[in-house]
Amino acid sequence: MDRRINYLMGLDTETCNGLVIDDKLDLSQSIVYDIGWVVTDKRGRIYETRSFLIYEVFVAMKDVMSSAYYAEKIPMYWEQVKSGQRKLVRFSTMYNQFWEDVKNYNIKVAFAHNAMFDYRALNNTIRWITKSNRRFFFPRKIEMWDTLKMARQTIGKQKSYRKYCEIHNFVTKHRVPQPRLTAEILYRYITGDVTFEESHTGLEDVLIETQILVHCFRQHKRMEKRLFVKVA
């Protein structure tokens with residue numbers, strides 16, 4: 001580890017156990033079956049990649065997994081486990097690796113796109129698996145950044161991005177349509193690849209979210225990065 005580098009950790013999760021309430025999908029109780037993370041820096045250089053399927057969810061909760069939003073990907077996951085592309089492990093094994101990476105790279109910042117979703121899902125998962133002996137996935141010293149929040153303040157304000165979204169109909173269905181800021185659409189804009197489709201698998205998605213983070217920093221604009229802002 002180079003102590004001159006401020007290492008960051010990007011994470012992405014795929015979850016199941018969403019509840020349908022009043023015809024709307026409530027994901028506040030979601031639990032994680034796929035997690036991927038990278039150790040990177042503000043320039044997007046990748047120092048570590050991790051990809052884990054959580055045994056207690058992916059295997060032991062087959063009934064719940066069968067109703068997961070991306071349940072059709074289950075056969076693909078099994079093929080990737082067989083090929084060694086992903087590891088199927090107990091939650092404790094994944095969590096030990098997470099802590100090891102946090103310690104080895106002196107991680108003080110973690111980021112995700114729409115970070116509240118991943119933050120909540122990881123807390124749900126650790127509480128369920130440990131029977132609430134542990135209630136929070138992230139150590140207190142880690143500050144959470146949200147690349148959705150960052151993109152809204154930088155890329156989302158650009159006339160070129162608004163025009164891009166209007167041309168390709170990447171806009172919301174509000175009375176006054178607004179440019180959408182999903183990781184998939186932001187990555188299409190950054191790369192110029194309008195056909196790009198997000199994988200919706202942990203590691204692959206966090207790799208594109210890392211590029212969104214880098215692109216936000218390249219705008220050299222003041223922005224509030226933190227998911228949780230302390231009130232004085």
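Start at 1 with the first residue, then count along the sequence. Side chains included, hydrogens not; waters and symmetry mates left out as well; all remaining heavy atoms used.
Two rings, from F91 and F52, have their centers 6.0 Å or more apart. Less than 6.0 angstrom separates the ring centroid of Y47 from the ring centroid of Y7.
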For residues 165-174, please give each side-chain donor-acceptor pair under 3.5 Å, one per line with the distance, not counting sequence neighbours.
residue	atom	partner	partner atom	Å
T172	OG1	H174	ND1	2.8
T172	OG1	Q178	N	2.9

Let me check something: any side-chain donor-acceptor pairs from residues 213-220 under 3.5 Å, sequence neighbours excluded? List them with distances.
residue	atom	partner	partner atom	Å
H215	NE2	Q219	NE2	3.4
Q219	OE1	Q158	NE2	2.7
Q219	NE2	H215	O	2.7

Taking only distance into account, with no hydrogens and no angle test, what donor-acceptor pairs under 3.5 Å do side-chain atoms of residues 133-141 form with protein atoms, sequence neighbours excluded?
residue	atom	partner	partner atom	Å
N133	ND2	T130	O	3.1
R135	NH1	S132	OG	3.2

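More than 12 heavy atoms of other residues, nucleotides or ligands sit less than 6.0 Å from atom NZ of K73.
For residues 149-158, the set of pairs meeting the salt bridge (charged side-chain N to carboxylate O under 4.0 Å, His left out) definition, not counting sequence neighbours, is empty. Within the structure, every pair that satisfies the salt bridge (charged side-chain N to carboxylate O under 4.0 Å, His left out) test and touches residues 190-217, not counting sequence neighbours, is listed here: R86-E204. Counting only residues at least two apart or in different chains, salt bridge (charged side-chain N to carboxylate O under 4.0 Å, His left out) contacts with residues 40-60 comprise D41-R45, E48-R50, R50-D101.
Here the side chains of L8 and V39 are not in contact, with every heavy-atom distance at 4.5 Å or above. By the 4.5 Å heavy-atom criterion applied to side chains, I31 and T15 are not counted as neighbours. L148 has its side chain out of reach of T182: every pair of non-hydrogen atoms, C-beta onward, lies at least 4.5 Å apart. Proximity of D146 to M116: side-chain heavy atoms (C-beta onward) are nowhere separated by under 4.5 Å. Side-chain contact between L11 and Y119 is absent, with no heavy-atom pair separated by less than 4.5 Å. When side chains are defined from C-beta on, I54 does not count as touching D34, because their heavy atoms never get closer than 4.5 Å.
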When you look at F58 and W78, which way does the ring pair (Phe, Tyr, Trp, His ring centres under 6.0 Å) test go after all the steps?
CA-CA 10 Å; F58 190 76; W78 279 118; 5.3 Å; yes
Check the pair V38 / L207 against side chain to side chain contact (heavy atoms under 4.5 Å, CB included), numbers first and verdict last.
CA-CA 7 Å; V38 299; L207 286 170; 3.7 Å; yes
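Closest non-hydrogen pair, S30 versus F117, comes out as OG-CE1, 4.3 Å. The two atoms that bring R162 and P179 nearest to each other are NH1-CD, 3.8 Å, heavy atoms only. Heavy-atom minimum distance, V57 versus C16: CG1-SG, 3.6 Å.
Scored by the side chain to side chain contact (heavy atoms under 4.5 Å, CB included) test, N96 finds no partners at all (sequence neighbours excluded). In this structure, the salt bridge (Lys or Arg N to Asp or Glu O under 4.0 Å) partners of E224, at least two apart in sequence or on a different chain, are R226. Applying the side chain to side chain contact (heavy atoms under 4.5 Å, CB included) test to S92 and every residue at least two apart in sequence or in another chain returns R90. Under the rule for a side chain to side chain contact (heavy atoms under 4.5 Å, CB included), the partners of E100 that lie at least two apart in sequence or sit in another chain are Q97, N104. By the side chain to side chain contact (heavy atoms under 4.5 Å, CB included) test, E79 pairs with K82, sequence neighbours left out. Among residues two or more places apart in sequence or in another chain, the salt bridge (Lys or Arg N to Asp or Glu O under 4.0 Å) test is passed with R4 by D2.
Looking only at atom types and distance, the side chain of T13 has no donor-acceptor partner in the side chain of Y33 under 3.5 Å away.
Rounding to the nearest 0.5 Å gives a distance of 12.5 Å between CD1 of I155 and CD1 of I185.
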